[in-house]
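So the structure is just underneath, and the comments pick up after that.
Computed from heavy atoms alone, side chains included, the values below leave out hydrogens, waters and symmetry copies. Numbers here are sequence positions counted from 1. These numbers come from a predicted model, not from an experiment.
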Amino acid sequence: MPQPALSRTLMTGALRAAFDDDRDADTFALRLDRYGPELIASLQAVYGDQAEPLLAGLLEVMLHAYHTRPADLKRLDEARLLTPDWLQRPDTVGYVAYTDRFAGTLKGVQGHLPYLEELGVTYLHLMPLLKPRPGENDGGYAVQDYRAVRDDLGSMDDLSALAADLRSRGMSLVLDLVLNHVAQEHEWAQRARAGDPTYRAYFHIFPDRTEPDAYERTLPEVFPDFAPGNFTWDEAAQGWVWTTFNTYQWDLNWANPDVLREFVDIILHLANRGVEVFRLDAIAFLWKRLGTDCQNQPEVHHLTRALRACARIVAPAVAFKAEAIVAPADLIHYLGTGGHHGKVSDMAYHNSLMVQLWSSLASRDTRLFTQALAAFPPKPTNTTWGVYVRCHDDIGWAISDADTNAVGLSGHRHRHFLSDFYSGEYPGTFARGLVFQFNPQTGDRRISGTLASLAGLEAALETGHPQAVDHAVRRILLLHAVILAFGGVPLLYMGDELALLNDHAFADTPEHAADNRWVHRPRMDWARAQAAARDAGTPHGRVNAGLRHLIHARRALPHLHASIESRPLPSPDPCVLLLRRDHPQGTFLGVYNFSEHTIQFPAHVLRSVLGEHAVDHVAGSAFTFGAHPVILDPYRALWLTSVQEGARGL
């Protein structure tokens, strides 16, 4: 169907008459013409003959959401259409926090917005706050009600008020949207348990073990320690329910078009409450196919494109971030390849970058880092990476054997080394971490711990050795320097700007005791925040001041726009990582010393990229690359751009 005719075909006279304002009708029709073909193509690819009635139902949902969208959000929609690169700009900085641990309640968060504003934050991701099941709830990812807020945090009206305050400050609200599963207490699951055939079809429920056993032959286990297997017998439902993550989290059946319609309605409802970015949780798991690991199936990308198209038609200010912690060859599809190019998620986590940061820090060797980045496929230029040093989750050593083999390492041995190093078992390690989810069959050991404790500050403060403390602070700032200049949305995890240490009292809370990831989810220390602001000489103050300086420097560098890729360059010194960015305004070169050694780096390597003269935007130093080497202090970061001969001294 020709694209210009789509709205005329779908928007009948009665449908157009539903608009009070011709301009609103025209706006909706224009967006339908733009994104409707993508929506229809994906619906047909996934649902076949069911696509046509599904489209009619989706139009009804979209029209209702469009009519009820607040005027200020419609204005934001128009602004975002004029600035489609809003998530790619160098002044974009993210902050990730648990509402209760940051400020108690949503109103409490609102009271601390000046702190975030001063830090330079423009993107606030509040960890799961939609109403979860009571008791154990996987950190909030077992949602009982998508249209309500956790009781102790406030109300949906509080959420809307917070979103409005954020918008007034140029900041965006980001929320988790759990797509793969709901809590067994969710209304849909309760109706399924009661025998309602409509809602039983929302889930994967099997009368016996025949099909579950067939699937299990190729399915991995996400939480082998406390949730082995992928299916749970439910007495009320009289069936085996697909439960990938925990027994109380029921996987949804996305092959049922009603599930897609429900989530379009949920997304648009929350968007009208002021949510601007949705973190699409567990998105890789949506589609189930026998004989596979049931991750990264092609239908997942069609489903995401369909959700995105619906959001673009009603609320183009909204963006999607894919929470897909998968191999690079699979990850790129979440940003769009082929016919999906740039039409799936607007953003995805660069998990590989995070893993390689910690790998290089432990090994003092960046050759694997360079190899891994070089093998990464380029992303669509209209998308961006979410880049981070730490997050709420554990660190899994997603390092491929192909990459390790290419640099002469054993993948198994290197992953074993990293687990030993960051759990504090390796001789001479500076790290203080905990092993999470040891799998004796594979030898896989993931790691929990805060950035500061893993980077050595906890151990250094225990010994009181000044150089150890200095090196720990430098490591923390080095890791942040890499993500802030990589290109993407740098995501600062709450408390890392203050170098908060492991919370070893996490086990005192019964519902957290079995999950040591809570060791790196401490409560915000507002007394420390005040002290760090007053005294930049303490380790915590040094980290805070150094990070603020890096954020300020980043804002002034157009070279860091996320449409440009960072490309690794071969380095003559294995301790030094080189990342090049070729921007229309000039070349940017990040130079990072991942060791505690002072390195004499060959000047000709930098001269070949930047020319004879350059400036470092971290320290404000000017360089002339001559015969003498460039001295790189321990854990030093340089953000270099070239300086033309006639511009020197300006």
Side-chain angles (χ1 to χ4, degrees), residues 46-47 50 54 57 128 130-148 150 176-266 280-295 297 299-300 303 511 514-515:
V46 176
Y47 298 113
Q50 296 175 290
L54 174 57
L130 299 179
K131 187 174 182 177
R133 72 187 297 267
E136 189 180 356
N137 54 48
D138 190 23
Y141 289 102
V143 178
Q144 181 176 334
D145 188 347
Y146 289 93
R147 297 172 190 270
R150 211 173 87 191
D176 292 83
L177 184 70
V178 184
L179 294 173
N180 179 69
H181 48 263
V182 297
Q184 65 185 17
E185 291 79 9
H186 191 285
E187 180 188 3
W188 303 338
Q190 289 300 301
R191 291 194 179 193
R193 280 175 142 178
D196 187 326
T198 297
Y199 289 95
R200 284 183 75 89
Y202 277 36
F203 302 97
H204 303 273
I205 304 176
F206 305 95
D208 56 43
R209 287 292 308 190
T210 305
E211 288 186 77
D213 286 345
Y215 278 107
E216 286 282 22
R217 294 188 187 103
T218 54
L219 288 177
E221 292 177 319
V222 176
F223 296 134
D225 279 4
F226 49 75
N230 290 273
F231 298 87
T232 301
W233 174 260
D234 186 86
E235 190 66 29
Q238 283 295 293
W240 289 92
V241 182
W242 200 314
T243 55
T244 296
F245 290 87
N246 287 287
T247 58
Y248 52 78
Q249 290 166 299
W250 286 24
D251 285 35
L252 290 158
N253 177 17
W254 281 82
N256 181 347
D258 288 342
V259 172
L260 174 70
R261 181 182 53 78
E262 293 275 17
F263 272 93
V264 169
D265 197 17
I266 289 166
L280 305 180
D281 182 72
I283 190 171
F285 296 84
L286 296 192
W287 198 263
K288 319 301 187 186
R289 177 166 281 115
L290 188 65
T292 73
D293 63 0
C294 295
Q295 296 183 46
Q297 298 301 303
E299 289 83 356
V300 171
L303 290 168
E511 59 264 34
D515 185 349

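Salt bridge absent: Arg217 and Asp293 never bring a charged side-chain N and a carboxylate O closer than 4.0 Å.
Closest non-hydrogen pair, Gln295 versus Pro220, comes out as NE2-CG, 3.7 Å. The nearest pair of heavy atoms linking Cys294 to Trp242 is SG-CH2, 3.9 Å. Considering every non-hydrogen atom in both Arg133 and Ala183, the closest pair reads CB-CB, 3.9 Å. For Pro132 against Arg150, the heavy-atom pair with the smallest separation is CD-CG, 3.4 Å.
Between Leu303 atom CG and Leu260 atom CG the span is 6.5 Å, to the nearest 0.5 Å. Atoms CG and CG, on Leu179 and Leu252 in that order, are 8.5 Å from each other to the nearest 0.5 Å. Within the model, atoms OH of Tyr146 and NE2 of His186 stand 6.0 Å from one another, a figure rounded to the nearest 0.5 Å. From Thr218, atom OG1 reaches atom CG of Leu290 across 6.5 Å, with rounding to the nearest 0.5 Å.
For Trp188 and Gln190, the side-chain atoms include no donor-acceptor pair closer than 3.5 Å. Remark: the Gln297 side chain and the Arg289 side chain contain an N/O donor-acceptor pair separated by less than 3.5 Å. Side-chain contact, Tyr202 with Glu262: a donor N or O sits under 3.5 Å from an acceptor N or O. Between the side chains of Asp176 and Tyr141, at least one donor N or O sits under 3.5 Å from an acceptor N or O. Counting only N and O atoms by type, the side chains of Thr243 and Thr232 include a donor and acceptor under 3.5 Å apart.
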* For Asp265 and Arg147, run salt bridge (charged side-chain N to carboxylate O under 4.0 Å, His left out): C-alpha distance rounded to whole Å, both residues' side-chain angles, the deciding distance at 0.1 Å, then the answer. => CA-CA 10 Å; Asp265 197 17; Arg147 297 172 190 270; 3.0 Å; yes
* To do: Verify side chain to side chain contact (heavy atoms under 4.5 Å, CB included) between Glu216 and Asn230, making sure each step is shown before the conclusion.
  => CA-CA 7 Å; Glu216 286 282 22; Asn230 290 273; 3.0 Å; yes
* Hey, mind stepping through Leu130 and Asp145 against side chain to side chain contact (heavy atoms under 4.5 Å, CB included) and telling me if it holds? -> CA-CA 7 Å; Leu130 299 179; Asp145 188 347; over 6 Å; no
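No side-chain heavy atom of Asp281 sits less than 4.5 Å from a side-chain heavy atom of Leu177. Contact annotation: the side chain of Val143 never approaches that of Val182 to less than 4.5 Å [non-hydrogen atoms, C-beta and beyond]. Taking the side chain as every heavy atom from C-beta outward, Thr210 and Asp213 never approach each other to under 4.5 Å.
Judged as a side-chain hydrogen bond (donor to acceptor under 3.5 Å, both in side chains), the pairs with a partner in residues 249-261 (not counting sequence neighbours) are, in order, Asp138-Gln249, Asn180-Asp251, His181-Gln249, Thr244-Asp251, Asn246-Gln249, Asp251-Lys288. Screening residues 191-202 for salt bridge (charged side-chain N to carboxylate O under 4.0 Å, His left out) gives Glu187-Arg191, Arg193-Asp234 as the qualifying pairs, with residues at least two apart or on separate chains.
Aromatic ring centres of Phe231 and Trp240 lie farther apart than the 6.0 Å criterion allows.
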